[in-house]
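One structure is given below, encoded as structure tokens.
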Amino acid sequence: MIMHHIVQGIFLIVGIVTLWASMFNKDWLFTAENARFVVEKFGRKGARWIYGTIGIISISAAIFFYYKIENMI
């Protein structure tokens, strides 16, 4: 079970960082090589919305699976 909690923690941390970076328009996220396609395709504002949504989904997944696994025990 400890492995599940580690993966959930990773999802939670990634979600929080991604949501925070998109909310505060952090350059390190939007000038990264991996984000270049999204920024070019949707613009900076669109990329902020997309990454914010990804952050919310990651946080939601971590919380959902935490309670789902806890109820299985």
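As the structure is a computational prediction, the values presented were derived from the model and not from experiment.
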Given the rule in the side chain to side chain contact (heavy atoms under 4.5 Å, CB included) test, do His4 and Tyr66 qualify, once you have shown the distances and angles that lead to the verdict?
-> CA-CA 8 Å; His4 295 290; Tyr66 174 77; over 6 Å; no

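- Few gaps surround OH on Tyr51; more than 12 heavy atoms of other groups in view lie less than 6.0 Å from it.
- The NZ atom of Lys45 lies 13.0 Å from the CD1 atom of Ile50; values are rounded to the nearest 0.5 Å.
- Once rounded to the nearest 0.5 Å, the distance linking CD1 of Ile56 with OG1 of Thr18 reads 11.0 Å.
- Residues Trp20 and Lys26 meet the side-chain proximity criterion, which asks for heavy atoms closer than 4.5 Å.
- Cluster annotation: Ile59 is not connected to Phe65 through the hydrophobic network of ILVMFWY side chains, with a link wherever side-chain heavy atoms come within less than 4.5 Å.
- Remark: Ser58 OG to Ile13 CD1 distance equals 12.0 Å, nearest 0.5 Å.
- When the side chains of ILVMFWY residues are joined at heavy-atom separations under 4.5 Å, either directly or via intervening members, Met23 and Ile57 end up in two distinct hydrophobic clusters.
- Connection of Ile10 to Ile16 is not established within any shared hydrophobic cluster, with ILVMFWY side chains joined at heavy-atom distances below 4.5 Å, either directly or through further cluster members.
- Side-chain contact between Arg44 and Asn25 is present, with heavy atoms from C-beta onward closer than 4.5 Å.
- Put simply, Ile69 and Ile6 are part of two different groups of oily side chains (I, L, V, M, F, W, Y) that touch within less than 4.5 Å, one to the next.
- The cluster map of Ile, Leu, Val, Met, Phe, Trp and Tyr, joined by side-chain heavy atoms under 4.5 Å apart, puts Phe24 and Val14 in different clusters.
- Side-chain atoms of Trp49 and Ser22, non-hydrogen and from C-beta on, never get closer than 4.5 Å to each other.
- The minimum heavy-atom distance linking Leu29 with Ala35 is given by the pair O-CB, 3.3 Å.
- Within 6.0 Å of atom CZ in Phe30, more than 12 heavy atoms from other residues, nucleotides or ligands are found, so the atom counts as buried in its surroundings.
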